[in-house]
> 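Below are the structure tokens for one structure; questions will follow.
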Amino acid sequence: NYDLGPNATLLIDETASVITMATPVNGSHGNTATVAYELTEDIASGIITWVPQSGPLPLDTIHSKILIGDELNQGSFTGLIVNNPELVDSTIYDIVFTATEVPGNTIIPYTILSFTFDTLAPTFSMLGPDSLAFINDSRVSYKISEDLASGQISWRRISNITEEENTVYIIDLEEDELEGGDHNNILPANDNEDFLVDGEIYNVTWTGIDKAGNPTRLEFISTEVVYDTTHPTAELIYNNYIVGEDYPLTITVNLSEPIRDYPLISIDYQGLSDDVEQDTLLKDIQFEDGTVWYFNTLVPSGHNNSGIAFVTIDAQDRASNPLIVYHHRDTLEVDNFLPSCQLQYINIDQSWLINEGRGGNIIQIRGDFNKSITGDLPELSITYGDSTDDSIAGDLPIEIAAAGSTFTWRVTLPGDSINSGSMLVDLLAYDRALSEISPDSTFNDTIFIVDNIPPALGMTDTIVPYGYNAYP
């Protein structure tokens, strides 16, 4: 029993002080040991203990810090306590607040679980698009060193800008876009590709703040990124537009802009087994910008390959826009039908003679080809007898008919018996595919006979007193 004396007041406190912590909270991050708490009453003593659960420290490295002064008073406290602990970066702590009070009431400890102490600035790596890249959409790639509380990607146009234009487009990252790790070729949820202008150049910057409040400190930027949505075009040029078998065909491809990788070529002939499929074009080294390419090939043989050959180019520009438009100066036609010619002879002076004549006669020679002979005119050569000086070489026709498939020559037969005998006619001619006519394809080339030898007495023959070779 205690004697309190007259007029004394006895205060009985049976209510313990209540601790409420606002900062940190369970699972939170921070870059300081700042605490925020509230006491419903003054406390006699208080200890805040940081107990490591994972990280670089040994798990028995415990920071127990005694509260002093105003830190024990009723009300709110926010900030660093006087005995602020030196926490270790990248360590996860459980935080326990224990206290006592004078009346001896039991104060329930307050515990915060899994507080991550983090002072490292977040970083971005593996940025895409890369500097100097060409792109045709606003997809991005990046790797974050840790989870972020917020992050942004900004596109700043650096070409063809005016003062009144807003040349910066900022995209706020959301939810899983803020998670640490790889983000490959994604289109952010807040992206609006309409901001980007075809053909313009941009700098792309990544920034962020981690969950502990640490902002990015380094500059993560891709510079001079070209936004290009224009498809390339190509002009196809052939060294000859009508070709025949074994012709050394060269196809030149003039592109409207440089191409990514090596373009591929396919040639679809009318046949079934001789096509060119996805072969590689060669770069013309005379054009350093990579806009001129070529392809060399031999035209396949066979009549079944005759007709229009369809040429396609598989290519993408540096922004991955595919080639879809071709400009042809003309179509490519394959003609594997070799030229041939049927010869006919008319003796203008002695029309009753068939395939026969003598010196001084004018002979009309007609050549009917199986196809048009274009370009250079066909040349006719004649060899008389034993290849005398009277032979003809390279004679050009005097008439052309039937769309360039019929030609007419006129020659005067030479005299002298040495020119007698079978007249050999030879043609030099090329069709549109530059295929040359062969002697085997020239018909009736030896049927005309030159007869410059008069009949002689003593020969077994019928002598008539008329005719050009009558013997007096």
Side-chain angles (χ1 to χ4, degrees), residues 240 242-248 335-456 459 461 464 466-472:
N240 198 2
I242 302 176
V243 294
E245 64 178 66
D246 295 329
Y247 180 81
D335 181 1
N336 282 341
F337 294 95
L338 298 178
S340 64
C341 183
Q342 186 87 19
L343 295 174
Q344 300 180 44
Y345 307 90
I346 297 177
N347 191 326
I348 302 297
D349 295 323
Q350 293 178 284
S351 58
W352 61 87
L353 295 177
I354 305 300
N355 299 327
E356 186 178 4
R358 72 178 185 86
N361 288 165
I362 297 175
I363 307 301
Q364 177 175 292
I365 303 175
R366 171 176 162 172
D368 293 314
F369 289 84
N370 64 333
K371 59 171 65 178
S372 296
I373 302 297
T374 58
D376 295 335
L377 293 173
E379 299 179 6
L380 180 141
S381 298
I382 297 177
T383 301
Y384 298 107
D386 296 324
S387 186
T388 66
D389 293 339
D390 294 314
S391 296
I392 298 172
D395 195 25
L396 296 178
I398 60 173
E399 293 181 8
I400 304 173
S405 63
T406 296
F407 300 87
T408 301
W409 294 264
R410 285 187 181 176
V411 297
T412 301
L413 297 179
D416 202 331
S417 60
I418 195 174
N419 292 312
S420 294
S422 177
M423 181 177 73
L424 173 61
V425 179
D426 185 40
L427 291 174
L428 178 62
Y430 299 90
D431 63 12
R432 300 177 303 163
L434 300 183
S435 298
E436 184 178 0
I437 192 170
S438 67
D440 293 339
S441 298
T442 305
F443 302 101
N444 298 335
D445 54 344
T446 60
I447 65 172
F448 192 89
I449 303 299
V450 177
D451 183 3
N452 287 337
I453 302 175
M459 297 178 64
D461 203 349
V464 296
Y466 52 84
Y468 286 102
N469 291 331
Y471 194 89

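Because only heavy atoms are used, hydrogens play no part in the values below, and waters and symmetry mates are left out as well, while side chains stay in. Counting begins at 1 with the first residue of the sequence.
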> Considering non-hydrogen atoms only, spot the tightest contact between S435 and P339 and give its length.
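Distance-wise, the nearest heavy atoms are O-CG, 3.5 Å.
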> Minimum heavy-atom separation for Q364 to I348, with atom names?
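Heavy-atom minimum between the residues: CB-CD1, 4.0 Å.
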> Grab the two heavy atoms, one from A433 and one from Y247, that are nearest each other, plus how far apart they are.
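For A433 and Y247, the tightest heavy-atom pair comes out as O-CD1, 4.5 Å.
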> Considering only heavy atoms from C-beta outward, does the side chain of I447 approach that of Y345 to under 4.5 Å?
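They are in side-chain contact.
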> State, yes or no, whether a side-chain contact exists between I418 and Y384 at a heavy-atom distance under 4.5 Å.
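No, their side chains stay 4.5 Å or more apart.
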> Quick one: does N444's side chain have a donor or acceptor within less than 3.5 Å of a partner on Q344's backbone?
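Flag not set: sc N444 to bb Q344 has no pair under 3.5 Å.
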> Measure the shortest side-chain to side-chain distance between S381 and S391 over non-hydrogen atoms and say whether it is less than 4.5 angstrom.
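Counting from C-beta outward, S381 and S391 never come under 4.5 Å.
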> Taking only residues two or more places apart in sequence or in another chain, which ones pass side-chain contact (heavy atoms from CB on, under 4.5 Å) with S422?
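Applying side-chain contact (heavy atoms from CB on, under 4.5 Å) to S422 gives T446, I449.
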> List the residues meeting side-chain contact (heavy atoms from CB on, under 4.5 Å) with D376, not counting sequence neighbours, and say none if there are none.
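Listed in chain order: nothing, the list is empty.
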> Side chains of N361 and Q350, heavy atoms from C-beta outward: is any pair under 4.5 Å?
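Yes, close enough: below the 4.5 Å cut-off.
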> With no hydrogens and no angle check, just 3.5 Å: does a side-chain donor-acceptor pair link N419 and N452?
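Looking only at side-chain atoms, N452 and N419 do not form any donor-acceptor pair under 3.5 Å.
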> Minimum heavy-atom separation for D451 and E356, please, with both atom names.
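Nearest heavy atoms, D451 then E356: OD2-OE2, 4.0 Å.
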> Under a 4.5 Å cut-off applied to non-hydrogen side-chain atoms, are N370 and Q342 in contact?
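When only atoms from C-beta onward are counted, Q342 and N370 do not touch, as no gap falls below 4.5 Å.
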> For a 4.5 angstrom cut-off between non-hydrogen side-chain atoms, does I363 reach F448?
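The answer is yes; the side chains approach within 4.5 Å.
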> Looking only at non-hydrogen atoms, find the nearest pair between I362 and D349 and report the distance.
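Closest approach of I362 to D349, heavy atoms only: N-OD2, 2.8 Å.
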> Which side-chain N or O atoms in residues 394-409 pair as donor and acceptor under 3.5 Å with protein atoms at least two apart or in another chain?
from	atom 1	to	atom 2	distance (Å)
S405	OG	A402	O	2.6
T406	OG1	D368	OD1	3.0
W409	NE1	D395	O	3.0

> Which pairs, with at least one residue in residues 403-428 and sequence neighbours excluded, count as a salt bridge (Lys or Arg N to Asp or Glu O under 4.0 Å)?
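Sorted result for residues 403-428: empty, none.
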> Suppose we screen for side-chain contact (heavy atoms from CB on, under 4.5 Å). Which residues come up paired with T442, at least two apart in sequence or across chains?
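Listed in chain order: L343, L427, I437, D445.
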> Mind checking salt bridge (Lys or Arg N to Asp or Glu O under 4.0 Å) for D335 and listing every partner two or more places apart, or none if nothing turns up?
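Here the qualifying residues are K371.
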> Could you measure the distance from the CG atom of D390 to the CG atom of L413? Nearest 0.5 Å is fine.
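Reported value, rounded in 0.5 Å steps: 10.5 Å.
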> For residues 412-442, which residue pairs qualify under ring pair (Phe, Tyr, Trp, His ring centres under 6.0 Å), counting only residues two or more places apart or in two chains?
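For residues 412-442, and leaving out neighbouring residues, there are no ring pair (Phe, Tyr, Trp, His ring centres under 6.0 Å) pairs at all.
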> With sequence neighbours left out, write down each residue that passes side chain to side chain donor-acceptor pair (under 3.5 Å) with S438, or none if nothing qualifies.
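Residues passing side chain to side chain donor-acceptor pair (under 3.5 Å) with S438: S441.
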> Mind listing the closest non-hydrogen atom pair of N240 and R432 along with its distance?
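Minimum heavy-atom separation between N240 and R432: ND2-O, 4.1 Å.
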